Structure formats: structure tokens, C-alpha cells
Amino acid sequence: MSRTVIAQGTFDILHPGHVHYLEDAAAMGDRLYVIVARKANVDHKAAPICPATQRRDVVGALEAVDEARLGHEEDIFVPIEEIDPDVIALGHDQHHDADAIREALSARGIDCEVRRASAREPASEDELLSTRLIVDRILERRG
């Protein structure tokens, strides 16, 4: 029996922290779908710099990812209903409340596990594992 996993995020400027998250999520099952957030759904941080289709295509090119798709603009649970996963893997530092997600899934009749991926420490002192830190560094050096 195969296990389907969903990971989701903005993935604006892909970095090693994203790769770790997706590899960790892929290890939770046999098939990894990644839902890339639409700009309209990103309300907890600055809007993405890169277009949604570009972010989807770059994430989809990663070896750990079986399929990357864009999120639904009005209802973030629509792709989850379509995929019907066994596991939803949240990033270790994502703002989502796992219990609230479980409740919303249950209300929609979706029976799946919600897990957090592990954190990854920087491999070196200057490695950047955050889009915000990358943007800050660009502005500092070239802004």
C-alpha cells in the first residue's frame, strides 16, 4: 500500500532549507505532491517575488518531488481533497497550527495524518536557510 504525502509552501527563492523540508516530507511516504501557494494566499509574510508558475516549476524539478501544483486561489483545501493524502507534512517553522488543520480536514471528511518535518541547521556560518534572509542579504549588498 503506497502512502501519499503533501507538502506545501511559498517556495519563493528556493534554498537548502526548502530542499531539506521536501526531502524529509518525501521520506514520510511513497509519493510527494507539493502545493505551491498562490500570491493571493500568502498573507502571513511579504508577497512572493517570483511568479507562482516559476516557483511551481522549480520545486517540481527537485528529485524528491513527484508532482508540484499550484494551490487553489480561494480554498486552500481543494487540492488536498483532490489528492486525498495519507500525510500532510508541515515545515518545521511554518506558521500553520497543526491542530486547526486537523480540525478543518476532519470537517471536510479528509482522514490523514498531519506531521512536522524536522529542522535543518545551517551547514556553515554563512549559509542562508530563509528567503527573508536571502532578500535581506541582497538588499544589504546590492540595494
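Residue indices begin at 1 and follow the sequence shown. Heavy-atom basis, side chains included; hydrogens, waters and symmetry copies ignored. Here the structure is a predicted model, which is why all the values come from computation and not from measurement.
Atom CD of E121 has 12 or fewer neighbouring heavy atoms from other residues, nucleotides or ligands inside a 6.0 Å radius. Remark: D99 CG is packed, more than 12 non-hydrogen atoms of other residues, nucleotides or ligands lying under 6.0 Å away.
R3 is linked by a side chain to side chain contact (heavy atoms under 4.5 Å, CB included) to D30, D86, V87, E113, counting only residues two or more places apart in sequence or in another chain. Partners of D66 according to the side chain to side chain donor-acceptor pair (under 3.5 Å) rule, which considers only residues two or more places apart in sequence or in another chain, do not exist here.
Counting heavy atoms from C-beta outward, H20 and H92 have side chains that stay 4.5 Å or more apart. With contacts defined as side-chain heavy-atom distances shorter than 4.5 Å, the pair D136/E140 does not qualify. Contact annotation: the side chain of M28 never approaches that of I88 to less than 4.5 Å [non-hydrogen atoms, C-beta and beyond]. Considering only heavy atoms from C-beta on, R38 comes within 4.5 Å of L70 through its side chain. Side-chain contact between D84 and T4: absent, with no pair of heavy atoms (C-beta onward) separated by less than 4.5 Å. Between L90 and Q8 the shortest side-chain heavy-atom distance falls below 4.5 Å. Using a 4.5 Å heavy-atom threshold, the side chains of Y33 and V65 count as separate. Looking at heavy atoms from C-beta onward, V36 lies out of side-chain contact with T10 at the 4.5 angstrom threshold.
Taken together through direct or relayed side-chain contacts under 4.5 Å among Ile, Leu, Val, Met, Phe, Trp and Tyr, I101 and I76 form part of one hydrophobic cluster. Under a hydrophobic-cluster definition in which Ile, Leu, Val, Met, Phe, Trp and Tyr are linked whenever side-chain heavy atoms come within less than 4.5 Å, directly or via other members, L32 and V19 are assigned to the same cluster. Hydrophobic clustering keeps I80 apart from V34 (ILVMFWY residues linked when any side-chain heavy atoms are closer than 4.5 Å, directly or through intermediates).
Of the listed residues (L14, L128, D12, I49), just one forms a side-chain contact (heavy atoms from CB on, under 4.5 Å) with I134, and that residue is L128.
In terms of modelled atom types and a separation under 3.5 Å, the side chain of Q94 and the main chain of G91 share a donor-acceptor contact.
Listed here is the closest heavy atom pair of A25 and V5: O-CG1, 3.5 Å. The minimum heavy-atom distance between A98 and R116, with the atom names listed, is N-NH2, 4.4 Å. Nearest heavy atoms, P122 versus L129: N-CD1, 3.6 Å. Between I35 and F11, the closest heavy-atom pair is O-CE1, 4.2 Å.
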Intermediate values then yes/no, side chain to side chain contact (heavy atoms under 4.5 Å, CB included), L62 and H18: CA-CA 10 Å; L62 295 174; H18 289 134; 5.9 Å; no
For E127 and H15, run side-chain hydrogen bond (donor to acceptor under 3.5 Å, both in side chains): C-alpha distance rounded to whole Å, both residues' side-chain angles, the deciding distance at 0.1 Å, then the answer. CA-CA 9 Å; E127 184 177 47; H15 55 73; over 6 Å; no
As a quick check of understanding, evaluate side chain to side chain contact (heavy atoms under 4.5 Å, CB included) for K39 and E73, giving each step before the final call. CA-CA 8 Å; K39 183 178 178 179; E73 288 187 277; over 6 Å; no
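Atoms OH and CZ, from Y21 and R120 in turn, are 16.0 Å apart once rounded to the nearest 0.5 Å. With rounding to the nearest 0.5 angstrom, the SG atom of C50 is 6.0 Å from the CD1 atom of I13.
The list of salt bridge (Lys or Arg N to Asp or Glu O under 4.0 Å) pairs with a residue in residues 44-64, not counting sequence neighbours, is empty.
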